[in-house]
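What follows is a set of notes on a single structure, which appears directly below.
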There are 2 protein chains.
Amino acid sequence: MDRTPLPLGRPRAERADAARNREQLLAVAREMVAELGADKVTMDGLAEGAGLGKGTVYRRFGTRAGIFHALLDDDEHAFQREVLAGPPPLGPGASPLARLAAYGRARIAFLTAHITIVRSALDHHRAVPAEGGSAFTQAHIRMLLGQAGTGVADLDSLTVQLTSALEGPFMIFLALPGAGPEPSADADAAFERRARPLGDSWQTLVDRVCRGA
Amino acid sequence: MDRTPLPLGRPRAERADAARNREQLLAVAREMVAELGADKVTMDGLAEGAGLGKGTVYRRFGTRAGIFHALLDDDEHAFQREVLAGPPPLGPGASPLARLAAYGRARIAFLTAHITIVRSALDHHRAVPAEGGSAFTQAHIRMLLGQAGTGVADLDSLTVQLTSALEGPFMIFLALPGAGPEPSADADAAFERRARPLGDSWQTLVDRVCRGA
DNA sequence: AGCTTAAGCGGACTTCACCCCGTTTATATT
DNA sequence: AATATAAACGGGGTGAAGTCCGCTTAAGCT
C-alpha cells in the first residue's frame, strides 16, 4: 500500500526540531533587534542567545542578511497580499495610474516602518531584485506601466529607474537622521516626517511620467 | 624674517613620505584591481603588495571603501569639471532640461565605465550622498530642476528620487551580468549594452517630469 | 648640525561573517 | 521495536576589516 501522509513529489517535509529552532531563532533575533539595534546582532550572539550552534543559524538563514530577510517576510507577505487582492486603489480595481501612486505611498510607508531591518537585509554581495522585496516592486510597477499605456517604448529600463526612485532612497541614498545604530524615537520620528513628502513626490513623478503619448 | 614656504594658517603640509606612500598604495591598488578584480583586493594584500603596514593603509584611506573612492577621484573630478565648465549641453549654456538629459547620459556612461570600482566604493555603513559622487549628482540635479521651473513644490524629494533613479540601478538594483567577481569582457560588454537604453529612458523620464506646471 | 615634536608607521590584536565536517537525531520503513 | 538514512546540529577553523599603541622619522626651529 502507498499511503504517503506527505504531499507527494516534494522531497521531504521540514523536520519538527528544525521548525522549532527556526521560530526560536527568529524570536531571539527580533528581541535582539529591539534591544540592541539591528547592527549589533551577530551570528554568534544570535546562536548563543538561542542556545544553538552557529552552524544551525547558517543552515536556517544562509547569511546574515537572510535573518533580516526572514524577519521581514511575514509583513512583506501581508503587504503583497494587500497589493494583489486588497481593496482599491492599492489592490485591483482602480486605474493603473491610481494604483501606481497608491503602491508608492504604501511601499514608502512599509519601508519607513521597517527601515532598520530593510537596510540590514541588504546583501551587499548580490544585486537587490534577485530575491528581496524589490523584485515584487519591480514586477508590479512593470505590470502597471504596461496597463497604463504610457507610450514609452522601453518599459524595462523605465521600470528599473522607477523602482530605484522608490526604494533607492531607503536603501542607500537617505542618511538616517539619528546616524546612531541604536533605535531612537527621534530618528524614527524624523524619518516619518520624510515619508509623506516622498509619497507626494512619487505621486507627482508617476503622474507626469504616465501623462505621455 | 618670516619666509614661510608653506601656505600660512594651514596646520601643516602632508609629509613627503606620506605622499609617496599614498601614490604607491594607489598604484598597487590599481594594479590589483586590474589583475584580480576589485573584490579580491584586501587591506592586508594591498599593504603587503606595497611593502607597507596595514596601519598605514588605514591612515591613508580610513576604510576599504575609501581606497576605491580615491581610485575614482581623478576621473570623478574630470567629470565634474566637464559638467561645471565644459561645453554645452553638458556644461553651462544649454537649457536646464537639455543639461539634465545630457547629465544623465554622461553619468550613466561614467558609471558604466567604472562599474566595478563604483560598487566597491560603496560604504555600507553610511548613506551614499554623504561623501561620494552622488552628492554632486544630487546638487546638480537639484540646481537644474530649480532652473527648469518644473512647477513642483517639493524639489528636495524629487531630487532624491531622480538621483536614485539615475544612480540606483548601478549601485544596487542591477545585477552584474557575469555574476562572477573576476573582470570579464563579456560582463562589461553586456553592461555597455544596458547603458544606452538607460540613457534613453532617463531622457524620457526628465522630459516628462519637467513638462509640468 | 642638533633638537623637538607631531605626523607617520607597522603589525599584533579583536571581532565578525561564513565554511567544514564529524556527530546526533527525527522520521519513515520493516 | 529496531533499523536505516537523510536532515539537522555544533563548534572549531579561516579570512578579512578595522583598532590600538608604542616606535620611528620628517620637518621646522635655534
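Letters A, B, ... mirror the listed sequences (proteins, then strands); counts begin at 1.
Here B:Asn21 reaches the OP1 or OP2 of C:dC9: one of its side-chain N or O atoms lies under 4.0 Å away. Note on A:Thr63: a side-chain N or O is less than 4.0 Å away from OP1 or OP2 of C:dC18.
Only A:Lys54, A:Tyr58, listed by number, bring a heavy atom of residues 48-59 of chain A to less than 4.0 angstrom from any atom of DNA chain C. Remark: nothing in residues 22-31 of chain A comes within less than 4.0 Å of DNA chain D through any heavy atom.
B:Arg107 forms a cation-pi arrangement with B:Phe79, by the criterion of a distance under 6.0 Å to the ring centre and an angle within 45° of the ring axis.
Not a single donor-acceptor pair under 3.5 Å links the side chain of A:Glu82 to the backbone N or O of A:Gly91. Counting only distance, with no hydrogens or angles, the side chain of A:Ser201 and the backbone of A:Pro197 share no donor-acceptor pair below 3.5 Å. Not one N or O on the side chain of A:His140 forms a donor-acceptor pair closer than 3.5 Å with the backbone of A:Phe136.
In this entry the distance linking CG of A:Leu46 with C1' of C:dT15 reads 16 Å, nearest Å. Atom-to-atom, CD of B:Glu14 to P of C:dA6 comes out at 19 Å; the value is rounded to the nearest Å. Atoms NE2 (B:His124) and C1' (D:dA16) sit 14 Å apart, rounded to a whole Å. Here the P atom of nucleotide D:dA16 and the NZ atom of B:Lys40 are 10 Å apart, to the nearest Å. Distance CZ (B:Phe61) to P (D:dA17): 14 Å, rounded to an integer number of Å. Between the P atom of C:dA12 and the CG atom of B:Asp44 lies a distance of 11 Å, rounded to the nearest Å. Atoms CE (A:Met43) and C1' (D:dA17) sit 17 Å apart, rounded to a whole Å.
The residue B:Arg64 sits close only to the backbone: its heavy atoms come under 4.0 Å of sugar-phosphate atoms, none of a base. A:Arg60 comes within 4.0 angstrom of sugar-phosphate atoms only, judged by non-hydrogen atoms across all strands, and of no base.
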| request: Please assess B:Arg22 against B:Glu14 for the test salt bridge (charged side-chain N to carboxylate O under 4.0 Å, His left out), listing each intermediate value before the final yes or no. | output: CA-CA 11 Å; B:Arg22 192 183 54 237; B:Glu14 185 183 43; 2.5 Å; yes

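We find that B:Glu35 and B:Lys40 are not joined by a salt bridge, their nearest charged nitrogen and carboxylate oxygen being 4.0 Å or further apart. Note on A:Asp200 versus A:Arg105: salt bridge recorded, some NZ/NE/NH1/NH2 to OD/OE distance being below 4.0 Å.
Counting heavy atoms from C-beta outward, A:Thr163 and A:Thr159 have side chains that approach closer than 4.5 Å.
Taking only side-chain atoms of B:Asp17, from C-beta outward, the nucleotide of D:dA17, C:dA17, D:dA26 with the closest atom is D:dA26.
Nearest-nucleotide positions on DNA chain D place B:Gly62 closer to the 5' end than the other of B:Ala16 and B:Gly62.
Every pair passing salt bridge (Lys or Arg N to Asp or Glu O under 4.0 Å) that includes a residue from residues 132-144 of chain A is listed here, sequence neighbours excluded: A:Arg142-A:Asp156.
Checked by distance alone, B:Arg15 brings a side-chain donor or acceptor within 3.5 Å of a matching partner on the base of C:dA7.
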